[in-house]
Structures are given as C-alpha cells and as structure tokens.
Asks: 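Here it is, the structure, as structure tokens.
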Amino acid sequence: MSIWVRGAVRLVQQNPVCNIQRQGFSQIQPLRMRFIQFQNATSAGQRIGVELDREKIVDLNSFDSSLPPTMREFLEAGDAAFQTAKRALNSGQHILNRNDLTILAPITNPDKVVCVGMNYVDHCLEQNVPVPKEPIIFSKFPSSIIGPYDSIVLPPESKEVDWEVELAFVIGKRGKNIKEEDAMEYVAGFTVAHDVSARDWQMKKNGKQWLLGKTFDTFCPLGPALVSKDSISDPHGLGIRCRVNGNLVQDSNTNQMVFKTQRDIFLTGTPPGVGVFRKPPIYLKAGDVVECEIDELGVIRNPVM
C-alpha cells in the first residue's frame with residue numbers, strides 16, 4: 001500500500017505496502033537510523049525522535065528546536081535535517097525512556113494511501129488464483145492510519161474483519177518514469193504495516209471494489225519506526241509474520257513478492273494465512289490482539305475492540 005503525500009513524501013506499504021511520497025526531498029542520506037513520532041506528558045503536540053536502543057529515544061526537537069515536529073516535515077527538510085539527527089544521535093543528550101512515551105505512527109498525515117494487492121506468490125496460491133502480471137492497485141484513506149500500539153476498532157457495519165501483515169516503505173523524493181535500476185534511490189526507509197480488511201465489504205458489497213473494505217477508521221496501523229533503508233540487509237529477504245492472540249497465522253518472506261522494489265517502486269502484498277481463506281473462515285473479534293512483525297523492522301501490537 002502506498003501513501004502519497006501531496007508535494008512531498010510517499011510511503012509505500014506493501015499490501016503490505018504503504019507509500020508516502022514527498023516532493024522536495026532532494027537527497028536521501030545513507031544514515032543508519034530508526035525514526036519515530038511520539039508524544040509525552042511534558043511537551044505539547046507530537047515530536048520526532050531517533051532510537052538509541054530498544055529502551056531509549058533521542059528527542060530531536062529538544063536537541064534542536066528548529067527541527068519540525070512531524071516526520072513529514074522532517075523529510076521535506078532534506079539533508080540538513082538528517083545531519084542534525086545524526087549529530088543528536090551521537091550527542092548522548094536529550095534521552096527519553098521509551099516506556100514514558102506514546103509512540104505514534106511513523107508518518108501520520110499523508111494525502112493518499114495507495115495500495116498494491118496480490119503481490120505474494122504464496123498468497124496467490126492460497127487463493128488458487130493466477131499470479132498477477134501487473135500490480136493490482138487500490139487505496140486506503142489516510143484517516144485509517146493509527147499507531148503501532150493503538151486499538152483496532154471493529155466497525156458495526158462489518159462482521160468479517162481480517163488481518164494482513166505488510167511491508168511498507170517511504171519514498172523520499174519525487175519521481176516519475178523511474179528506471180528499475182534507479183528505484184531504490186528514491187526509498188527513504190521501511191516500516192511494518194497492518195492492512196486490516198473488512199472482507200464482507202471488500203468481496204461482497206460495493207460492486208466488490210476493495211476501497212470501502214480497506215479503509216474504515218483504525219484499519220492501517222503503522223510502525224513502530226521508520227527504518228532507514230541502509231539499516232536493513234535486504235528488503236526482499238525479510239521474514240514477515242502475523243500472530244493473533246499469540247497464534248502464528250501468517251509466516252512467509254518478502255522474497256515471495258512478485259513485484260520488487262527495484263522494479264516497481266512499490267513493495268506490495270500480504271503472505272498466506274489470512275482469515276478469509278481458512279476453512280472455516282476466521283475473523284477478528286473484540287478482545288483479540290494482533291501482532292505484525294517483520295525481521296529487522298520490529299513488531300506492532302494492536303488490541304481489537
């Protein structure tokens with residue numbers, strides 16, 4: 001799924017794909033960092049930080065008050081912002097305990113969320129359908145985005161809400177008609193996404209168009225961090241899995257993707273194991289807890305209510 005930010009950043013989430021694209025980000029720096037957006041009790045509004053380790057966060061806005069407080073604006077600021085973040089990470093100052101913070105989605109205000117479906121070979125086999133010859137595009141509304149630990153709210157209009165773990169990536173500069181060999185130059189980083197899906201609305205209603213089934217409020221958890229592309233070994237060789245109430249329901253690898261990042265800019269698709277194709281089908285219910293995990297990126301954990 002791809003999230004398009006007008007005038008600036010595009011985050012691509014693989015179906016799992018979210019794309020957020022920012023125009024105006026002239027250069028992507030090869031800095032090994034994990035960025036987060038957060039709130040705390042001592043500061044008004046949201047802020048941006050970079051992970052020092054699993055328990056500590058460097059508050060970038062405290063290190064330099066001229067830095068913007070949102071990741072979208074940070075990416076739009078380009079190289080200067082990244083260099084400031086690097087200095088903050090090396091300073092050993094303005095360190096916060098992660099447990100004292102409310103962690104938000106890495107990017108919270110894109111104009112668009114563009115998605116690509118049916119992009120895992122094993123997911124196509126699960127459905128007994130042909131592997132697509134070109135990407136299948138749909139979208140989610142930006143209002144569906146929530147943080148990595150926020151609650152998924154079951155809409156009363158649906159009785160068939162399902163899970164889909166997905167890989168998301170952020171495109172850091174504007175592009176068009178990009179050559180395959182140049183595609184990764186436009187990617188700023190990656191994150192974990194959950195493409196929550198109301199199967200009854202996706203497959204039975206609204207002329208079987210996917211939009212309404214994919215875009216209820218809270219149907220796009222993202223996080224826990226925006227991981228710079230140079231911080232991971234290979235985006236097309238990452239273990240990807242989903243657990244519901246601790247039970248492993250999806251377990252695959254991004255090497256199963258049909259359309260790769262270098263080729264299509266988008267990383268798209270979910271692995272097999274979704275609830276709708278189980279016999280009998282299984283759907284999420286209030287009280288469930290869904291964990292979506294991708295190697296080297298982290299875990300998002302969302303209770304269902």
Side-chain angles (χ1 to χ4, degrees), residues 11 13 16 18 20 28-43 45-65 67-75 77 79-108 146-150 165 167-170 172 187-194 221-235 237-243 246 254 289-303:
L11 165 70
Q13 174 184 321
C18 258
I20 296 176
I28 298 176
Q29 294 300 313
L31 302 177
R32 297 179 180 273
M33 287 189 280
R34 297 172 59 93
F35 294 97
I36 67 164
Q37 289 191 133
F38 68 92
Q39 293 176 324
N40 62 16
T42 60
S43 302
Q46 69 184 56
R47 304 169 73 82
I48 54 174
V50 62
E51 292 183 355
L52 185 61
D53 55 35
R54 292 186 178 183
E55 298 179 355
K56 303 293 184 181
I57 304 295
V58 178
D59 185 341
L60 295 183
N61 298 113
S62 292
F63 179 81
D64 186 338
S65 60
L67 282 176
T70 69
M71 185 56 61
R72 173 174 175 168
E73 294 172 305
F74 178 88
L75 293 175
D79 182 65
F82 276 77
Q83 294 301 327
T84 299
K86 184 178 180 180
R87 293 195 301 273
L89 187 62
N90 294 331
S91 72
Q93 301 176 347
H94 306 289
I95 298 174
L96 305 174
N97 290 318
R98 188 185 188 95
N99 290 339
D100 296 334
L101 309 178
T102 298
I103 307 299
L104 308 175
I107 295 182
T108 47
I146 60 173
Y149 312 116
D150 293 338
V165 60
L167 173 65
F169 63 85
V170 175
V187 175
F190 298 84
T191 194
V192 181
H194 183 185
L222 297 176
L226 172 59
V227 182
S228 67
K229 64 178 181 180
D230 297 282
S231 296
I232 65 173
S233 55
D234 178 5
L238 301 175
I240 180 170
R241 59 196 66 87
C242 176
R243 297 179 179 87
T254 56
V289 176
V290 185
E291 295 175 298
C292 295
E293 178 181 13
I294 300 178
D295 291 352
E296 303 181 38
L297 299 184
V299 182
I300 60 176
R301 184 178 188 272
N302 301 98

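For the single chain, residues carry numbers from 1 onward in sequence order.
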Asks: Output yes when a side-chain donor or acceptor of Arg32 lies under 3.5 Å from a complementary backbone atom of Asp230, and no otherwise.
Replies: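 It does hold such a pair.
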Asks: Spell out, as yes or no, whether a donor-acceptor pair under 3.5 Å connects the side chain of Glu296 to the backbone of Ser233.
Replies: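 Side chain of Glu296 to backbone of Ser233, a donor-acceptor pair under 3.5 Å: yes, one is there.
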Asks: Going from CG on Asn61 to OG1 on Thr84, what distance comes out if it is rounded to the nearest 0.5 angstrom?
Replies: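 OG1 of Thr84 is found 11.0 Å from CG of Asn61.
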Asks: Do Ile57 and Leu101 come close enough that some side-chain heavy atom pair is under 4.5 Å?
Replies: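 Result yes, sub-4.5 Å side-chain heavy-atom pair found.
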Asks: For Glu293 and Arg243, run salt bridge (charged side-chain N to carboxylate O under 4.0 Å, His left out): C-alpha distance rounded to whole Å, both residues' side-chain angles, the deciding distance at 0.1 Å, then the answer.
Replies: CA-CA 8 Å; Glu293 178 181 13; Arg243 297 179 179 87; 2.9 Å; yes
Asks: What pair of heavy atoms forms the shortest contact from Phe38 to Gly49, and how long is it?
Replies: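 Heavy atoms only, the tightest pair is CE2-N, 3.7 Å.
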Asks: Would you say that Ile95 contacts Leu52 through its side chain, given a criterion of any heavy-atom pair below 4.5 Å between the two side chains?
Replies: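 A side-chain contact under 4.5 Å exists here.
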Asks: Could you measure the distance from the CG atom of Leu96 to the OG atom of Ser62? Nearest 0.5 Å is fine.
Replies: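 So the CG of Leu96 and the OG of Ser62 are separated by 6.5 Å.
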Asks: Between Gln37 and Thr70, does any side-chain donor sit less than 3.5 Å from a side-chain acceptor?
Replies: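 There is no such pair between these side chains.
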Asks: Please verify the inter-ring angle class for Phe35 with Phe74; under 30° counts as parallel, over 60° as perpendicular, anything in between as tilted.
Replies: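 Taking Phe74 first and then Phe35, their aromatic rings sit tilted (interplane angle of 30° to 60°).
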Asks: Hey, does the side chain of Ser228 reach the backbone of Met33 with a donor-acceptor pair shorter than 3.5 angstrom?
Replies: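 Yes; at least one donor-acceptor contact below 3.5 Å.
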Asks: Work out which heavy atom in Cys292 is nearest to a heavy atom in Cys242; give both atom names and the distance.
Replies: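 Cys292 and Cys242 have their closest heavy atoms at SG-SG, 4.1 Å.
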Asks: Leu238 and Asp295: which non-hydrogen atoms are nearest, and at how many Å?
Replies: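 The pair with the smallest heavy-atom distance is CD2-O, 3.6 Å.
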Asks: When rounded to the nearest 0.5 angstrom, what is the spacing between CZ in Arg34 and OG1 in Thr191?
Replies: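 The distance works out to 8.5 Å.
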Asks: Using only atom types and a distance under 3.5 Å, with no angle test, would you say the side chain of Asp53 pairs donor to acceptor with the backbone of Lys56?
Replies: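 At least one qualifying donor-acceptor pair exists.
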Asks: I want to check something: taking the side chain as every heavy atom from C-beta on, are Met71 and Pro106 in contact at a cut-off of under 4.5 Å?
Replies: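 The answer is no; the side chains never approach within 4.5 Å.
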Asks: Quick check against the 3.5 Å criterion: does Thr254 have a side-chain atom that pairs as donor or acceptor with the backbone of Pro235?
Replies: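 Pair found, side chain donor or acceptor close to backbone of Pro235.
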Asks: Atom CD1 in Ile232, atom CG in Leu297: separation rounded to 0.5 Å?
Replies: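 Ile232 CD1 to Leu297 CG: 5.5 Å, rounded to 0.5 Å.
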Asks: In Å and rounded to the nearest 0.5 Å, what is the CD1 to CD1 distance from Ile103 to Ile300?
Replies: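 That separation rounds to 13.5 Å.
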Asks: Give a yes or no on whether a salt bridge exists between Glu51 and Arg98, defined as a side-chain N under 4.0 angstrom from a carboxylate O.
Replies: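 Salt bridge flag = yes for Arg98 with Glu51.
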Asks: Considering non-hydrogen atoms only, spot the tightest contact between Pro69 and Ile48 and give its length.
Replies: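 Distance-wise, the nearest heavy atoms are O-CG2, 3.7 Å.
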Asks: Step through the shown structure and confirm whether more than 12 heavy atoms of other residues, nucleotides or ligands are within 6.0 Å of CD on Glu55.
Replies: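 Count not over threshold, so no.
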Asks: Let me confirm one number: the CG-CZ distance from Asp150 to Arg301, rounded to the nearest 0.5 Å.
Replies: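 Here the interatomic distance stands at 13.0 Å.
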Asks: Tell me the closest heavy-atom pair linking Asn302 and Pro148, and the distance in Å.
Replies: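 So the minimum-distance heavy-atom pair works out to ND2-O, 3.5 Å.
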